[in-house]
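Computation of the quantities below employed the complete heavy-atom set of this structure, encompassing side-chain atoms and omitting hydrogens, waters and symmetry-equivalent molecules. None of these values were measured; they are calculated from a predicted model. Quick note on labels: first sequence line is chain A, next is B, and so on, each numbered from 1.
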Number of protein chains: 2
Amino acid sequence: MNTLSYGLLSLLAQSSFSGYDLMLRIQPFWPAKHSQIYPLLAKLEQDDYIRFELVSQRDKPDKKVYSLTGKGQEALKDWFDQPTAEPALRDEMMLKVFCMSYAKRESARKMLADRLTFHEEQRLKYESKLVELKGRADWPEAGLPEPSHPLFGAYLLTRKAIMSNETNTEWCRWVLSLLPESD
Amino acid sequence: MNTLSYGLLSLLAQSSFSGYDLMLRIQPFWPAKHSQIYPLLAKLEQDDYIRFELVSQRDKPDKKVYSLTGKGQEALKDWFDQPTAEPALRDEMMLKVFCMSYAKRESARKMLADRLTFHEEQRLKYESKLVELKGRADWPEAGLPEPSHPLFGAYLLTRKAIMSNETNTEWCRWVLSLLPESD
DNA sequence: TCGCGCATGTAATGTGTTACATGATTGT
DNA sequence: ACAATCATGTAACACATTACATGCGCGA
């Protein structure tokens, strides 16, 4: 049982999902390709942490809809009390920034401008996710969900994503302001 | 040549470092253990991107001090104009937050409090790094370095680290305020 | 004297990506 | 026609961690 395994159980604690759904939903928190997810799900199913139901769809391929077993729920609870690993960020851009004084001005500006766009788009994405969450949930109009609400965690993470993207956007703009166009 | 390889070259563009130094300095931007770094350095040396000089020390083990070759400098410049990969963040805490409504209140509070401490400590660390940078460099008292200054990148990254840690600190405090102690 | 920091390396194992494979439906 | 989305899987390879291995000097 590695972190990705617990992550999948964690998503399944909310609701049932297909492998494809899980793959898409875990991306923001733990990047993983379908080629890693599918074998893991098979293993978790074999070890009785999760079970699946075959669902036939019209107009779409059949899918396996996974849900937590009792053992899976127990595993999740135990995991929660284990020490939590520190976050690991890997960002090629930061390595490039390190030697930026040796690069062409326009290369640097382009890299920063691309990253700025990325963070602005991410921010928009998570802001609409927040709206969607507010629609699905039934918390008071003040906008503050109860800690016991199943969507509480998703709300916190969406806010976190928005905050991080705002900060990164601000940083990109600041750096660009220090790098005037040289034409 | 993978991202970590370029990262090592990137650090060596600033100044010469031992493998041990490189291992410590690359952590904030690209986590990697010494067991990954040493063989990579040997390979980069064999391929003529870097060279080393054996330095004997009193009271400390001998070390290999690496520096960039001409080929290494060329490689760095080419790399800078290549498209930059998106950042990848892996954070076990975010996965735990997702199913927080199913966990014990005190477990959740402890996890958040630990993370809060982590980000506060990181912020202090990077703030002293900023002071150290200002001491080493000779940019105007206004505090704004020139983009051509060799420490320009390090300055930008240190500011970035401080900003991110502040934002994360703020998020942790906010979440804790939503999770009153239940005793 | 016990652990930590400096300093380097290898071997075994675990994690993650890319490529290979298939196939229907929907929108451009 | 062509690409994208949904949907699942395997195989080969690349990347990363843990454990094994050594050894000196310094401070508690």
Can you list everything that forms a side-chain contact (heavy atoms from CB on, under 4.5 Å) with [X]? Sequence neighbours excluded, please.
X: Gln73(A); result: Leu68(A)
X: Glu146(A); result: Ser148(A)
X: Glu74(A); result: Lys77(A)

Over the length of the helix from dT1(C)-dA28(D) to dT28(C)-dA1(D), how much do the five-pair end axes diverge, rounded to 10 degrees?
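Nearest ten degrees gives 40° for this helix.
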
Rounding to an integer number of Å, can you tell me how far [X] [atom1] sits from [N] [atom2]?
X: Asp21(B); N: dG5(C); atom1: CG; atom2: P; value: 15 Å
X: Asp62(A); N: dT25(C); atom1: CG; atom2: P; value: 12 Å
X: Tyr20(B); N: dG23(D); atom1: OH; atom2: P; value: 18 Å
X: Trp30(B); N: dC15(D); atom1: CH2; atom2: P; value: 10 Å
X: Lys63(B); N: dA7(C); atom1: NZ; atom2: P; value: 5 Å
X: Gln27(B); N: dA16(D); atom1: CD; atom2: P; value: 12 Å
X: Phe29(A); N: dG16(C); atom1: CZ; atom2: C1'; value: 19 Å

Of all the nucleotides listed ([options]), which has the minimum atom distance to the side chain of [X]?
X: Asn2(B); options: dT18(D), dT8(C), dC15(D); value: dC15(D)
X: Lys33(B); options: dT8(C), dT17(C), dT17(D); value: dT17(D)
X: Arg90(A); options: dT17(D), dT8(C), dG16(C); value: dT17(D)
X: Lys64(B); options: dT18(D), dC6(D), dG9(C); value: dG9(C)

Compile the donor-acceptor pairs under 3.5 Å between side chains in residues 3-22 of chain B and protein atoms, sequence neighbours left out, one pair per line.
| residue | atom | partner | partner atom | Å |
| --- | --- | --- | --- | --- |
| Ser5(B) | OG | Asn2(B) | OD1 | 2.8 |
| Ser10(B) | OG | Leu95(A) | O | 2.6 |
| Gln14(B) | NE2 | Phe98(A) | O | 2.9 |
| Gln14(B) | NE2 | Pro150(B) | O | 2.9 |
| Ser18(B) | OG | Asp21(B) | N | 3.1 |

According to ring-ring contact (aromatic ring centres under 6.0 Å, His included), who are the partners of Tyr38(B), at least two apart in sequence or on a separate chain?
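In terms of ring-ring contact (aromatic ring centres under 6.0 Å, His included), with neighbours along the sequence ignored, Tyr38(B) is linked to His34(B).
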
With sequence neighbours left out, write down each residue that passes ring-ring contact (aromatic ring centres under 6.0 Å, His included) with Phe52(A), or none if nothing qualifies.
Tyr66(A)

What distance separates Lys160(A) NZ from Glu170(B) CD, expressed to the nearest 0.5 Å?
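Between Lys160(A) NZ and Glu170(B) CD, I get 12.0 Å after rounding to 0.5 Å.
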
Quick check on contacts: within residues 44-60 of chain B, what sits under 4.0 Å from DNA chain C by heavy-atom distance?
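DNA chain C contact set from residues 44-60 of chain B: Gln57(B), Lys60(B).
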
Sub-4.0 Å heavy-atom contacts from residues 34-42 of chain A onto DNA chain C, ordered by number
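Under 4.0 Å from DNA chain C: Ser35(A), Gln36(A).
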
Taking for Pro61(A) and for Thr3(A) the nucleotide of DNA chain C with the nearest heavy atom, the one nearer the 5' end belongs to Thr3(A)

When clusters are formed by joining ILVMFWY residues with side-chain heavy atoms under 4.5 Å apart, either directly or through shared neighbours, do Trp171(B) and Leu124(B) land in the same one?
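Result: no, two separate clusters.
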
Any link between Leu89(B) and Leu157(B) through a network of hydrophobic side chains (Ile, Leu, Val, Met, Phe, Trp, Tyr) touching at under 4.5 Å?
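The answer is yes; both residues are in one hydrophobic cluster.
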
Qualifying side chain to side chain donor-acceptor pair (under 3.5 Å) pairs with a residue from residues 111-122 of chain A, counting only residues at least two apart or across chains:
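Of all non-adjacent pairs touching residues 111-122 of chain A, those that pass side chain to side chain donor-acceptor pair (under 3.5 Å) are Asp91(A)-Arg115(A), Lys110(A)-Asp114(A), His119(A)-Asn165(A), Glu120(A)-Arg173(A).
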
Do any pairs count as a side chain to side chain donor-acceptor pair (under 3.5 Å) and have a residue in residues 78-90 of chain A, sequence neighbours left out, and if so which ones?
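Counting only pairs at least two positions apart or across chains, the side chain to side chain donor-acceptor pair (under 3.5 Å) contacts touching residues 78-90 of chain A are Trp79(A)-Glu92(B), Asp81(A)-Lys104(B), Asp81(A)-Ser107(B), Thr84(A)-Lys96(B).
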
What donor-acceptor contacts under 3.5 angstrom involve side-chain atoms of residues 24-33 of chain A, with partners at least two apart or in another chain?
| residue | atom | partner | partner atom | Å |
| --- | --- | --- | --- | --- |
| Gln27(A) | NE2 | Met23(A) | O | 2.7 |
| Gln27(A) | NE2 | Ala32(A) | O | 2.6 |

